[in-house]
K.L.:
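One structure, pasted below without further comment.
In what follows, every chain begins at residue 1, and chains take the letters A, B, ... in the order their sequences are listed.
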Amino acid sequence: MSGERDVLVIGFLSRWCAGIAAETAGVNRIKYSPNIVFINLPCVSRLNPSHVVDAFLNGIDGVLIGGCLPPGNCHYKTGNFKAFKRMYLLKKLMAQFGVEPERVKMDWFVTPQYEKIARVADSFVEEIRRLGPVMSRGEA
Amino acid sequence: MAKALLYYPGCSVKRNSPWYEKSALAVLEALGYRVKELDKWYCCGATISLAADDVIRHLGAIRSLIQAEKEGEALGTNEMLTVCPMCYNVLARVNNLLKRDREKLETAARYLRDENLEKYSLSTRVIHVVQVLHREREKLGELVKRRLDGVRVAAYYGCTLVRPKDVAVDNPESPRVMEEILRSVGIETVEYPFKTLCCGAYHSVYRKNIAVANSGLILTDAAARGADIMVTVCPLCHYNLELAYRSMARKPGIRVMYLTDLLAYVMGLDDALSPETRSFLDKLREARRELVATPGGGNS
Amino acid sequence: MDMDGFVEEVVRISGRNPYLCYQCGMCSAVCPVAQYMDILPHQIIRLVQMGDPAVLESDAIWVCISCMACVDRCPRDVGPGIIIDALRQFKLRRGAEKYDYFQVPELGEAPSLALVAASRKLTG
Amino acid sequence: MAGGEGEKPRIGVFVCHCGTNIAGVVDVKKVVEEVSKLPGVVHAEDYVYMCSQIGQQKIIDAIREKKLNGVVVAACTPSLHGETFAKAVEHGGLSRHRYEFVSIREYVSWVHWHDRKKATEKAIREIAAAVAKLADNKVYEPIRRAVKKKALVIGGGIAGMTAAVDLANAGIPVVLVEKSPTIGGRMIQLSMTFPTLDCAQCTITPKMAEVANHPNIKLYTLSEVIDVEGHVGNYKVKILQHPRMVDIDECRLCGFCERACPVEVPNEFNRGLGKRKAIYLPFAQAVPSAYVIDAEHCTRCGLCVRACPVDAINLDEKERIIEEEVGSIIVATGFDIYPPENLPEYGYGIYKDVVDALQFEQMIVPSGPTRGRIVRLSDGKPAKTVVFIQCAGSRDVNHLPYCSKICCMYTAKQAMLYKMKVPDGKAYIFYIDVRAAGKGYEEFYKKAQMTPGIHYVRGRVSRVYREPGDDRLTVEGVDTLSGKLVKIKADLVVLAVGIVPRLDPELASKLKIAVDEYGFAQEVHPKLKPVETEVGGVFVAGAVQGPKDISESVAQASAAAAKAMQLLVKDYVEKEPLIAEVDEERCDGCGICASTCPYEAIKIENGKAHVTPILCEGCGMCVSACPVGAMELRNLTDKQITNMVKAIARWP
Ligand SMILES: Cc1cc2nc3c(=O)[nH]c(=O)nc-3n(C[C@H](O)[C@H](O)[C@H](O)COP(=O)(O)OP(=O)(O)OC[C@H]3O[C@@H](n4cnc5c(N)ncnc54)[C@H](O)[C@@H]3O)c2cc1C
Ligand SMILES: Cc1cc2nc3c(=O)[nH]c(=O)nc-3n(C[C@H](O)[C@H](O)[C@H](O)COP(=O)(O)OP(=O)(O)OC[C@H]3O[C@@H](n4cnc5c(N)ncnc54)[C@H](O)[C@@H]3O)c2cc1C
Ligand code: SF4
Ligand code: SF4
Ligand code: SF4
Ligand code: SF4
Ligand code: SF4
Ligand code: SF4
Ligand code: SF4
Ligand code: SF4
């Protein structure tokens, strides 16, 4: 790749509602930006803020965290709520690392919102494009 | 606390229906409203341009909305009152259009910048006099001076108050707001199926037969169900209904008037009534009072 | 009049999708002036779907008064009345006029808004 | 089973074309070429249909020949074929924990068809992440949990009853919870049923009796499920039973109470066409066969108590809460009709002679409010002309965007039944399309069309009203086929209203099952798992899952029962062992994890955290909560997540 590289975003999804919504987006052929790569987790509460920080250190330009809707009613009862609190704190800390807090986005999905997941993915990738690459990524 | 409204008069009320304006404003005043006419207003266009690629034809409405926003600040209100439902319809739809479509707003702003008009911040709320009367209906009831016992009234809504859905003042398929207003001042109402059937609108100047036929159907049906009066809030509906009435060979016993005329009458705001309306209602009231008072007296 | 691509232009002007129409007829049933039309609103939409320029020659498109009854009730949100307006626009933008001021008998008496509306709808 | 632990990774990657579903967008050859270069990958191949026998054999052969200790399959989604390949991997002699599934169809080719190059890159990144994760996967023994050999069925309509009886006949105890005072559901309200025109009550009452008398079925009427705890094979449910105030065993159905009761209210059984008392028998064949007091309308006057010869009535009866433990749950809460009040243009609620389809069913029933006569409700005169309006509220973005599926057929049925009752009557059916796809359905529709006096009109009705001085209704509409406006004078108008799910959002959220955009219960896969929900052991049956007629409801109910049986005949369920694990060295017993865990799966003993395997659901909440990193989630450790992220970032 030459010149300014394109951005790369990771989306951590809770594999219940959010994951199924992403899958359903596929079944319905809803197109969205290929610049986002999803990793399914049992629950977004599995995510440690350090994973997000790690991602930026490795040159990932944005992190989307897709939990299940509504907060407080996740497959694991309180998981999405806990994740929300953690990521809220993380966003506050990020400025200190010199990374724009806008590079982390948290959103909630229910299965029928498969179009939302595509919309959110697209608008987030766009937002990250506006911010530009976080830093140069390691060579292959 | 004086409640204030900014008043957008529009072309037809001033020119063709001065008495409607008079009675509407008198009733609002009696309800404690301070109604201030906009210093400057622009023709709404009477009918909204439906073309998706059009901005130019919305500019008149946009200018008025901006003007209302400006003047409203001083008055402490964002409500722009309309009495003509066509004005209401166009202004409210353009307002919604701008809210939905930022691009349109920006294009409009480009045109308007040349005229040193600031960008519109979308705060104006277009409101029709029926909506104001409906929310004040309890108070209306308290202001009744004359009863119209035995008089039966059909309310006619037409199109622009109830369509399209996003600006409808009530359920578009079975609106009740006017009936509720009338009942709050003790007037009996008549149900009939054509209260939102189009009166023919501008076809009265283009294909008159259509306006006459539709308005005629509306009138005869309501009359057949025992309505003495048909109230409307639209100068064009009023005109078409009268037009139909005049052209009918067998005239149904029904009289067309503005909702606010009737309200002004029961509230005793006689100065706001045309002499003909006033004398008609006086006579009707007398006739019905006798009927109601006579024991065993009923429909003859 | 050049009719090529008239459907595309009508779609663009109206911002509506005529292909959503499943020909239920609701628009024709609710239309308050349908009995004065040479073809009914659902047939107008059908001709647009088929790309048949004959629709532009129908008198019905000038009979529609944009009352929005069909637009509100259409179960597929096609907006037939809005598409009909676009058909008028298509013609008006090419110079057709349906309205002759001198025909109006009671110019003085009708409310101004009737005149403004008519001239907007029928002369562009 | 050969594990992979400690060994150098020898990973095989299998990339599926899925015909052109994947290969039409993703350059699979390039994917194979690139992933071959990934560290640990010793084999990579692609195949047109990986899930086919041949495709699966390729995996098995490669494991054996190349001595693989890890397998990555890149194909559709784990929910479709995750299990297929897990079995194949096990066949090849590897543990399923040595295998990872990567979705390059739903997550790549089907959503990035507009950019083939980037789609290919993304597929490679995803595979790289899986390879990186797999290197650290360990093999664990499954966790077993005993199964409670009992089932709960919620809803006692035809679907719920069928499922309950099927299970009970297989020897499985069933708890059937019904909200209303009787079982029977909507079907008991119907007259005859399409496509056979047999009597609904005759078909359903034997089923109701079977439920009532089955030794394996425990029926709770006037009851609701208020709490659900636990997991597949082991659910604890709380059931709230509202007071009936009449002793089911004592009541002799003499009806003295009913005559004594001064309170009269509209009868919901016939949708308000008739009246009933505050103490009433819902209908003659009600099960349980006993009177019931409608607590909402009863004034507690006590007249019925005095009238009852056997002291069956107790006005002070309190609600009670019942706890049950079950292994599986079947949701069959059925449907409601779309409120006809939402269609004021058709005159419902304004004119008595406009009825909804359920009311019309009740007018046909000989024991119904009109004694089986089809009359104008306004004056009792015979209805000589009836207009049916199909799609009343359905297939309409202003109301229900979907097709309610049953109304075309029940309207054809109602028109024919009407003609049997009123041979000289006329029926007009306004329709958009007639949907008669089913065995015997087209024939049924044809029969209706050929019945003299039944006229199908292809078009819509705009409004229904009464002209002044007319005792009939005027129906205005259009016939799109002739292009003519039509006006019909009708004695009766029947609205073929659509149907809406009757699934309390609260109940759905207690069960944790998903609902679709219209509120119908969401199945896992419309074709392959039509009765399964996302929640293990919870199944759906009947109209609550989507519009359905009786045949389909029954078929689905039996399917749900079979699925429940598959689970309940086992002594235990095997549970994924991918749970939380404590590193006792690091743990300092702070207890933060224990307070985080939503399942109380962690106890602090002797200053260390302990995970109870059977309780842990593997959410990982505790892992990210532990301040010293002593907690890990098996096969999804912090290291593995980080390695996945790195692998994604590293390529190319
Ligand atoms: C007018 C009309 C005519 C029809 N005619 C025919 C026909 O001729 N042929 C045909 O095949 N189909 C016909 N149908 C369709 C048929 O009625 C349905 O297919 C069938 O009733 C679906 O059964 P079900 O058990 O899924 O739902 P339902 O019959 O709705 O039963 C659901 C049960 O669950 C109970 N319940 C609801 N919520 C709860 C809760 N939270 N807790 C506990 N219990 C609850 C309800 O009280 C009810 O007893 C007709 C439908 C209508 C509306
Ligand atoms: C053109 C077309 C497109 C379709 N598209 C779709 C779609 O998009 N979505 C959808 O849901 N459905 C679709 N279907 C329907 C779908 O194919 C059927 O629903 C499905 O295949 C039925 O499965 P089955 O097992 O009942 O029958 P089949 O698939 O016919 O399987 C029956 C099997 O039994 C074997 N067999 C026959 N006789 C004997 C015997 N005497 N002894 C032993 N074996 C025997 C046959 O060889 C065959 O393998 C489509 C059908 C067609 C024709
Ligand atoms: S109402 Fe809408 S869907 Fe029906 S025929 Fe008219 S345009 Fe088509
Ligand atoms: S908008 Fe035009 S076509 Fe539609 S109902 Fe009104 S007059 Fe008829
Ligand atoms: S494994 Fe999945 S992707 Fe491959 S052919 Fe089968 S269904 Fe298609
Ligand atoms: S009076 Fe007693 S026994 Fe008779 S029906 Fe009523 S409750 Fe049952
Ligand atoms: S106590 Fe209730 S049910 Fe009994 S007679 Fe009185 S009102 Fe009726
Ligand atoms: S089944 Fe028939 S009547 Fe019912 S919604 Fe579908 S098409 Fe309309
Ligand atoms: S949070 Fe960590 S350190 Fe604290 S008890 Fe749990 S495992 Fe041990
Ligand atoms: S993984 Fe979840 S369920 Fe298991 S112990 Fe941790 S918090 Fe509890």
K.L.:
Where do D:W113 and A:K31 come nearest, in terms of heavy atoms and distance?
P.N.:
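Distance-wise, the nearest heavy atoms are CZ2-CB, 3.5 Å.
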
K.L.:
Kindly check if the number of other-residue, nucleotide or ligand heavy atoms within 6.0 Å of CD (D:E506) is above 12?
P.N.:
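It does not: D:E506 CD has 12 such atoms or fewer within range.
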
K.L.:
Evaluate the side-chain proximity of A:L41 to D:I641: yes if any heavy-atom separation is below 4.5 Å, no if none is.
P.N.:
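Yes; the side chains approach each other to less than 4.5 Å.
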
K.L.:
Could you walk me through whether D:I648 and A:I10 satisfy the side chain to side chain contact (heavy atoms under 4.5 Å, CB included) test, starting with their C-alpha distance in whole Å, then the side-chain angles of each, then the deciding distance to 0.1 Å, before giving a yes or no?
P.N.:
CA-CA 8 Å; D:I648 289 170; A:I10 284 188; 3.9 Å; yes

K.L.:
Give the minimum heavy-atom separation between D:C619 and A:C43, together with the two atoms involved.
P.N.:
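Looking at all heavy atoms of both residues, the shortest contact is O-CB, 3.8 Å.
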
K.L.:
Decide yes or no on side chain to side chain contact (heavy atoms under 4.5 Å, CB included) for A:H51 and D:D638, but give the supporting numbers first.
P.N.:
CA-CA 8 Å; A:H51 297 132; D:D638 284 342; 3.0 Å; yes

K.L.:
So which of A:S33, A:A25, A:A118, A:S14 has the biggest tally of heavy-atom pairs under 4.5 Å with chain D?
P.N.:
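Result: the option with the highest number of such pairs is A:S33.
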
K.L.:
Measure across A:R46 and D:L636 and return the closest heavy-atom pair with its distance rounded to 0.1 Å.
P.N.:
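Looking at all heavy atoms of both residues, the shortest contact is NH2-O, 2.8 Å.
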
K.L.:
Using every non-hydrogen atom in the two residues, find where A:G19 and D:Y107 come nearest and quote the distance to one decimal.
P.N.:
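That would be O-OH, 3.0 Å.
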
K.L.:
Is it true that a side-chain atom of D:K122 and a backbone atom of A:I36 form a donor plus acceptor pair closer than 3.5 Å?
P.N.:
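Pair found, side chain donor or acceptor close to backbone of A:I36.
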
K.L.:
Counting heavy-atom pairs under 4.5 Å with chain D, which one of A:D54, A:N48, A:N40, A:I20 comes out on top?
P.N.:
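It is A:N48.
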
K.L.:
Verify the distance criterion only: is there a donor paired with an acceptor across the side chains of D:S79 and A:E23 at less than 3.5 Å?
P.N.:
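A pair is found: one side chain offers a donor N or O, the other an acceptor, under 3.5 Å apart.
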
K.L.:
Distance check, rounded to the nearest 0.5 Å: A:N28 atom CG versus D:W110 atom CH2?
P.N.:
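Spacing of CG (A:N28) from CH2 (D:W110) equals 9.5 Å.
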
K.L.:
Using a cut-off of under 4.5 Å on heavy-atom pairs, state which of D:K646, D:M644, D:E517 scores highest against chain A.
P.N.:
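The candidate making the most pairs under 4.5 Å is D:K646.
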
K.L.:
Side chain to side chain contact (heavy atoms under 4.5 Å, CB included), that's the test. Do A:L8 and D:R125 meet it? Break it down for me.
P.N.:
CA-CA 11 Å; A:L8 183 58; D:R125 284 187 211 280; 3.5 Å; yes

K.L.:
Counting C-beta onward and ignoring hydrogens, is there a side-chain heavy-atom pair between D:H114 and A:P34 closer than 4.5 Å?
P.N.:
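Yes, close enough: below the 4.5 Å cut-off.
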
K.L.:
Could you report the tightest heavy-atom contact between D:A649 and A:N58, atom names first, then the distance?
P.N.:
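In this case the closest contact between D:A649 and A:N58 is CB-O, 3.3 Å.
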
K.L.:
Could you give the distance from CD (D:Q522) to SG (A:C17), rounded to the nearest 0.5 Å?
P.N.:
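The distance works out to 10.5 Å.
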
K.L.:
Can you tell me if D:H112 uses its side chain to pair, donor with acceptor, with the backbone of A:Y32 under 3.5 Å?
P.N.:
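Yes: the side chain of D:H112 pairs with the backbone of A:Y32.
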
K.L.:
Checking side chain to side chain contact (heavy atoms under 4.5 Å, CB included) for the pair A:I39/D:V645: CA distance, chi angles, key distance, verdict?
P.N.:
CA-CA 9 Å; A:I39 295 179; D:V645 171; 4.2 Å; yes

